[in-house]
There are 2 protein chains.
Amino acid sequence: MTTDCTDCPLRRLAVFDNATDTELDFIQRFKAGELQIEAGTTLMVEGERSAHLYTVLSGMGLRYKTLHDRRRQVINFVFPGDFIGIQSALGRDMTQSIEATTDMTLCVFPADRVWSLFKSHPSVAFNLTWVAATEEHFLSEILTAVGQRKATELIAWGVLRLWERGASLGLVENGAMPLPYRQRDAADALGISLVHFNKTMHKLTDQGLFEWRDDRLRVYEIDKLRELAMVCGGPLLDKRPLI
Amino acid sequence: MTTDCTDCPLRRLAVFDNATDTELDFIQRFKAGELQIEAGTTLMVEGERSAHLYTVLSGMGLRYKTLHDRRRQVINFVFPGDFIGIQSALGRDMTQSIEATTDMTLCVFPADRVWSLFKSHPSVAFNLTWVAATEEHFLSEILTAVGQRKATELIAWGVLRLWERGASLGLVENGAMPLPYRQRDAADALGISLVHFNKTMHKLTDQGLFEWRDDRLRVYEIDKLRELAMVCGGPLLDKRPLI
DNA sequence: CGCAAGTTTGAGGGATCTCAAACAAAGTGG
DNA sequence: CCACTTTGTTTGAGATCCCTCAAACTTGCG
């Protein structure tokens, strides 16, 4: 039994725009089905072309690129509500891999209908562009962090981002949110070595700023993290469209 | 006297898609005018909102973000044909600054007409999305480089990318292309210090792999650079739309 | 019990950073 | 035409951040 778009649990969240009935109706028809994958599955592989687009209904994963000698850059963590595969919608090969780190449920959309979407539903097309542009914006923020911050700041910054993302998605319960990743994933996301990540993270957790155990993250001293991370403003959680 | 879109010199380049007459006609009407700015001018400032979009007709510049303590990440170099400001088209503040490093000529488009563009010209809207998605793709490549490669590989990789970009735009003349930047810009783009950039670059130039002097880049040993940079395939120069 | 995956620790080396100063080229004003 | 400033490049040296290697430890599982 697949989820009905009109009844999508994600859509109730305050972070997501209210779609019009027309939009909702279209998205429902656009949706080809649902895909369930198990933790550990690779959803998309670098170099291949996917005929589908996905929206994450539930579960988490990660997006990464690899170099020839096994070095790996985690581009971003994949959370519920994320839209995956715009690249293939536009007729390009995927240049990154996507892997599930928990069981996931995904809404499936056929890539070959994207073009007609632009003709028939401009507002949805607009949202699609919005999502792509926002993605780009976040990537540039990550790049700035990886390029300029040093390990301590980086980790504080990363924890903060994950926490705020999780909070906006209602994933925080009893002061904790799920974070089903390994330290290796975090290190590869920040561009530092596993060992250095481990040691530097402990310098922060020993101060009681946060805790990451058993796949769950808890933040205790958010203000101190902000200070360490050198971010001024609070979280930037614009409303965004859900496709 | 402004350039007529039907007569745009960029559009003759092989990298750019052929636009249909309808598209061209629309873009011409969409274009509000041309902007000339001098080298050193800041076109867009972080935190502000721009009412315009731009396409670079000629000249070069750079896109960057700053931290509070003056650290700066150069996100990318701005070349002719680049489309600037999708963010503001979608009603967001700019989160990065853009600065001209040479005199530049830009085509100006009003941001508030973007929405109607989606309704009236879906193919142009599609191209817009394509550009945004491609931009994201390149950013993730840059992120991978900055996060995983070490200085020598990084520099080889960066030179290679600039060279291939320049070549696709027909900027290479007599074995040299314009590269009007400072070593500080390059260092900030790669996330390494100016001093380290200087020393590491000389290790490569001393081997005769390339040369960067007087704002011009020359590549002598492209295969060796490829090897150092750990890139396998040749240049990826898909055709792309010009807006 | 033994294996696999992940975390933690220690130690030494190398890459990169910062500080500082010298050097080069170009522009300015007297 | 010559100080003098400004901007950018180059070099040296010491400090530190970060990496790699290696091993111990921990946990879950067959």
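A, B, ... follow the sequence lines: proteins, then strands. Residue 1 opens every chain. The figures here come from the full heavy-atom set of this structure, side chains too, leaving out hydrogens, waters and symmetry mates.
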*Do A:W163 and A:L225 come within less than 4.5 Å of each other through their side chains, counting heavy atoms only?*
no
*So, do A:T102 and A:M104 sit near enough that their side-chain heavy atoms are less than 4.5 Å apart?*
yes
Main-chain N/O of [Y] paired to [X] side chain as donor or acceptor, under 3.5 Å:
{"X": "A:D206", "Y": "A:K203", "answer": "no"}
{"X": "A:T41", "Y": "A:L43", "answer": "no"}
{"X": "A:Y181", "Y": "A:G61", "answer": "yes"}

*asked:* Considering only residues two or more places apart or on different chains, which pairs with a residue in residues 44-58 of chain B satisfy salt bridge (charged side-chain N to carboxylate O under 4.0 Å, His left out)?
replied: B:R49-B:D93
_Can you pull out every salt bridge (charged side-chain N to carboxylate O under 4.0 Å, His left out) where at least one residue sits in residues 54-66 of chain B? Sequence neighbours excluded, please._
A:E136-B:R63, A:E141-B:K65, B:R63-B:E135
_Selection residues 149-161 of chain B - residue pairs positive for side-chain hydrogen bond (donor to acceptor under 3.5 Å, both in side chains), sequence neighbours left out_ = A:R71-B:E153
Donor-acceptor pairs under 3.5 angstrom involving side-chain atoms of residues 191-198 of chain B: please list them, not counting sequence neighbours.
from, atom 1, to, atom 2, distance (Å)
B:S193, OG, B:H196, N, 3.2
B:N198, ND2, B:Q183, OE1, 2.9

*List for me each residue that meets salt bridge (charged side-chain N to carboxylate O under 4.0 Å, His left out) alongside B:D103, sequence neighbours excluded, and say none if there are none.*
none
*Mind checking salt bridge (charged side-chain N to carboxylate O under 4.0 Å, His left out) for B:E34 and listing every partner two or more places apart, or none if nothing turns up?*
B:K31
_Contacting residues from residues 193-200 of chain B, given that a heavy atom lies under 4.0 angstrom of DNA chain C_ = B:S193, B:V195, B:H196
*Are B:D223 and B:R226 within salt-bridge range, i.e. N to O under 4.0 Å?*
yes
*Can you list, by residue number, the residues of residues 148-158 of chain A that have a non-hydrogen atom closer than 4.0 angstrom to DNA chain D?*
A:K150, A:A151
_Any residue of residues 174-192 of chain B with a heavy atom less than 4.0 Å from an atom of DNA chain D_ = B:R182, B:Q183
_Axis bend over the full length of the helix from C:dC1-D:dG30 to C:dG30-D:dC1, computed from five pairs that close each end, to 10 degrees_ = 30°
*asked:* From CZ of B:R213 over to C1' of D:dG8, roughly how many Å is that when rounded to an integer?
replied: 15 Å
*Taking atom types as modelled, is there a side-chain donor on A:Q96 or A:Y64 under 3.5 Å from an acceptor on the other?*
no
*In terms of side-chain heavy atoms, does B:E211 have a donor or acceptor partner in B:T205 at a distance below 3.5 Å?*
no
Pair up each side-chain donor or acceptor in residues 73-81 of chain A with any protein partner under 3.5 Å, not counting sequence neighbours, and list the distances.
from, atom 1, to, atom 2, distance (Å)
A:Q73, OE1, B:Q148, NE2, 2.9
A:Q73, NE2, A:D188, O, 3.2
A:Q73, NE2, A:A189, O, 3.0
A:N76, OD1, A:R165, NH1, 3.4

_For chain A, the stretch of DNA chain C it reaches, first to last nucleotide, under 4.0 Å of its heavy atoms_ = C:dG6 to C:dA11
